[in-house]
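Input: a single structure, listed below in structure tokens.
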Amino acid sequence: SFDPPSPPLPPPPLPLLLPPPESRPQLADDVYYSSLMVGPEHIDTSGGLFQLANVFFSMNQVENALAMYDKVVDIWYKCLAAVLSNGPGAAQPPALSDAKGSEGIDMLGQILRRREECVGETNIATGESYYILGLLQQYMQQHSSAATCIRAALAIYQNQLGPEHRSTKDVATSLAQLESSSSSADS
């Protein structure tokens, strides 16, 4: 039986107060207008999508909730891929503020827990949550937590997809780069 390592997650926020189901139209409007202002793939839009997912979850519409959580994770992945992959001379995307990074860590941590609960601890979607949370922690200079999350993601990817799969190799490369940058920063 496969048991991925259990990395320390960010402390759980205060009890999750789910928005009432009647707030769904207002949240949909928030997502719509945010999408018009900054774009549907922008991290500022992800907060409304996350709250909408929580409403679906509170209504026992788990499939809809998981679809919204998937979109939030995808938005954060695209943002982090852009900010973490810039080499010298590359156009710099806007930096994430500490507040936006902390908000992202809270959201992604809650999504990770929902995915563990709904699809299982070894599901590839759970592995993806570990990976994206780890990338954000890396960006926020939380290297130890990031390495723990990315290691957990790698274990799931290797188990579910195999060591030669492109996604598994991407996660392994991210972990190697993180560990390399962390060890050179320590010396």
Side-chain angles (χ1 to χ4, degrees), residues 2-81 96-140 142 145-146 148-150 152-153 155-157 159-160 167 171:
F2 172 73
D3 292 323
S6 297
L9 295 175
L14 296 173
L16 183 60
L17 299 174
L18 296 174
E22 58 271 12
S23 66
R24 194 171 38 167
Q26 291 88 353
L27 286 169
D29 285 346
D30 173 63
V31 170
Y32 173 76
Y33 288 112
S34 181
S35 295
L36 289 178
M37 300 271 304
V38 295
E41 299 287 319
H42 195 278
I43 58 170
D44 288 346
T45 305
S46 71
L49 290 168
F50 176 72
Q51 291 302 326
L52 195 54
N54 287 337
V55 168
F56 282 126
F57 194 83
S58 73
M59 296 169 62
N60 276 339
Q61 294 181 13
V62 175
E63 200 169 300
N64 291 337
L66 291 173
M68 292 285 115
Y69 291 141
D70 289 348
K71 187 63 183 168
V72 172
V73 170
D74 183 57
I75 289 170
W76 276 95
Y77 174 72
K78 289 175 182 172
C79 171
L80 291 165
L96 294 173
S97 68
D98 286 346
K100 187 56 74 176
S102 293
E103 177 186 353
I105 287 172
D106 287 344
M107 278 193 293
L108 293 170
Q110 289 181 42
I111 291 170
L112 172 58
R113 288 187 284 281
R114 289 279 193 232
R115 283 180 167 181
E116 285 178 327
E117 175 186 337
C118 295
V119 299
E121 293 181 359
T122 62
N123 187 283
I124 195 67
T126 303
E128 178 190 43
S129 289
Y130 275 118
Y131 182 47
I132 308 310
L133 178 58
L135 291 177
L136 181 54
Q137 290 168 330
Q138 176 185 354
Y139 179 82
M140 300 301 292
Q142 299 173 7
S145 297
T148 302
C149 280
I150 295 174
I156 293 170
Y157 276 66
N159 185 30
Q160 295 294 318
S167 296
V171 175

### Task
Please examine the side chains of Glu121 and Tyr130, heavy atoms only from C-beta on, and report whether any two atoms are closer than 4.5 Å.
no
### Message
Can you tell me how far apart CE (Met140) and OG (Ser97) are? Round to the nearest 0.5 Å.
### Response
7.5 Å
### Query
Any luck finding a side-chain donor-acceptor pair between Asn64 and Tyr69 under 3.5 Å?
no
## Note on the structure
In short, Gly127 meets Ala153 closest at the heavy-atom pair O-CB, 3.3 Å
#### Entry: Donor-acceptor contact below 3.5 Å, side chain Thr126 vs main chain Gly120
yes
### Check against side chain to side chain contact (heavy atoms under 4.5 Å, CB included), His42 and Ile75
CA-CA 6 Å; His42 195 278; Ile75 289 170; 5.9 Å; no
### Charged N-O contact under 4.0 Å between Glu116 and Arg113
no
### Message
Does any part of the side chain of Leu108, heavy atoms only, come nearer than 4.5 Å to the side chain of Ser129, both counted from C-beta?
### Response
no
### Summary
d(Met107 CE, Leu133 CG) to nearest 0.5 Å is 11.5 Å
#### Entry: Phe57 vs Leu66 side-chain heavy atoms within contact, under 4.5 Å
no
### Task
Of all the heavy-atom pairs spanning Gln137 and Cys149, show the shortest one and how long it is.
OE1-SG, 3.4 Å
### Message
In the structure I gave you, are the side-chain heavy atoms of Leu80 and Leu96 within less than 4.5 Å of one another anywhere?
### Response
yes
### Message
If the condition is side-chain hydrogen bond (donor to acceptor under 3.5 Å, both in side chains), which residues does Tyr131 pass it with, not counting sequence neighbours?
### Response
Ser174
### Query
So do Ile43 and Lys100 actually touch side chain to side chain, heavy atoms under 4.5 Å?
yes
### Summary
Smallest heavy-atom separation, Cys118 atom then Val62 atom, equals SG-CG1, 3.8 Å
### Message
For a 4.5 angstrom cut-off between non-hydrogen side-chain atoms, does Ile150 reach Leu135?
### Response
yes
### Task
Hey, could you give me the CG/CG distance between Asp44 and Leu49, rounded to the nearest 0.5 Å?
11.5 Å
### Interatomic distance, Met68 atom CE to Gln51 atom CD [nearest 0.5 angstrom]
13.0 Å
### Task
Carefully, step by step, assess Ile156 and Asn123 under the rule side chain to side chain contact (heavy atoms under 4.5 Å, CB included).
CA-CA 7 Å; Ile156 293 170; Asn123 187 283; over 6 Å; no
### Task
Would you check if Gln142 and Ile105 make a side-chain contact, meaning some heavy-atom pair closer than 4.5 Å?
yes
#### Entry: Ser102 (side chain) donor-acceptor with Asp98 (main chain) under 3.5 angstrom
yes
### Query
Quick check: does any side chain N or O of Glu41 sit under 3.5 Å from a backbone N or O of Lys78, one acting as donor and the other as acceptor?
no
### Task
Check whether any side-chain heavy atom of Asp70 lies under 4.5 Å from a side-chain heavy atom of Arg115, and answer yes or no.
yes
### Task
Check the pair Ile111 / Phe50 against side chain to side chain contact (heavy atoms under 4.5 Å, CB included), numbers first and verdict last.
CA-CA 9 Å; Ile111 291 170; Phe50 176 72; 3.8 Å; yes
